[in-house]
Amino acid sequence: MEQLQVMQWPKWLRRNQAHRYLSVADNTFMKNYVHNGKVRAYQTAHGIRYDRDEIDEAVRHYYD
């Protein structure tokens, strides 16, 4: 019997992780989420990161 693996996503995502988390292209993530202000880019000690919970909230209210 084959078991499904559950992907664990960190709370703070790098840009290349954030667009894969949404299953969209990088330019789609930037255009539809970041540039229109639905998801903020946060400067951290480890570079720019995106909050997974903020992304989830943006998806819930995408068409609002």
Side-chain angles (χ1 to χ4, degrees):
M1 183 185 307
E2 203 174 310
Q3 275 189 312
L4 294 176
Q5 275 190 314
V6 176
M7 179 70 164
Q8 295 294 320
W9 294 97
K11 163 86 170 136
W12 294 100
L13 301 165
R14 293 184 313 269
R15 181 173 166 175
N16 69 338
Q17 293 172 308
H19 78 86
R20 287 185 293 143
Y21 177 70
L22 285 171
S23 298
V24 298
D26 179 62
N27 62 344
T28 301
F29 170 68
M30 294 305 291
K31 178 183 172 188
N32 295 338
Y33 292 91
V34 178
H35 291 157
N36 69 11
K38 292 183 180 197
V39 174
R40 288 183 45 203
Y42 295 90
Q43 182 64 48
T44 71
H46 303 288
I48 295 175
R49 297 291 190 263
Y50 301 90
D51 183 348
R52 186 190 68 228
D53 296 333
E54 196 171 282
I55 293 170
D56 289 342
E57 191 65 21
V59 170
R60 278 192 213 73
H61 301 289
Y62 184 80
Y63 293 104
D64 291 347

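Not measured: the values here are computed from a predicted model.
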For Glu57, check side chain to side chain contact (heavy atoms under 4.5 Å, CB included) against everything at least two apart and list the hits.
Arg60, His61

To the nearest 0.5 Å, what is the distance between CG on Leu13 and CD on Glu54?
11.0 Å

Are Val39 and Val59 grouped together when hydrophobic residues (ILVMFWY) are joined by side-chain heavy atoms under 4.5 angstrom apart?
yes

Out of curiosity, does Val24 fall in the hydrophobic cluster containing Tyr21 (side-chain heavy atoms, cut-off under 4.5 Å, transitive links)?
yes

Return yes if some donor-acceptor pair links the side-chain N/O of Arg52 with the main-chain N/O of Pro10 below 3.5 Å, else return no.
yes

Look at the side chain of Gln17 and the backbone N and O of Trp9, then say whether any donor-acceptor pair between them is shorter than 3.5 Å.
no

If we only count heavy atoms from C-beta on, is the Arg15 to Ile48 side-chain gap below 4.5 Å?
no

So, Asp53 and Lys11, do they make that salt bridge, N to O below 4.0 Å?
yes

Once side chain to side chain contact (heavy atoms under 4.5 Å, CB included) is applied, do any residues pair with Ser23, and if so which ones, sequence neighbours excluded?
none

Same hydrophobic cluster for Trp12 and Val34, using side-chain heavy-atom links shorter than 4.5 Å among ILVMFWY?
no

Checking Tyr50 against His19 for the side-chain contact (heavy atoms from CB on, under 4.5 Å) test, could you report, in this order, the C-alpha distance in whole Å, the side-chain angles of both residues, the deciding distance, and whether it holds?
CA-CA 10 Å; Tyr50 301 90; His19 78 86; over 6 Å; no

Can you tell me how far the CG atom of Asn36 sits from the CE atom of Met30, to the nearest 0.5 Å?
10.5 Å

With under 30° as parallel and over 60° as perpendicular, where do the rings of Tyr33 and Tyr62 fit, or are they tilted in between?
tilted

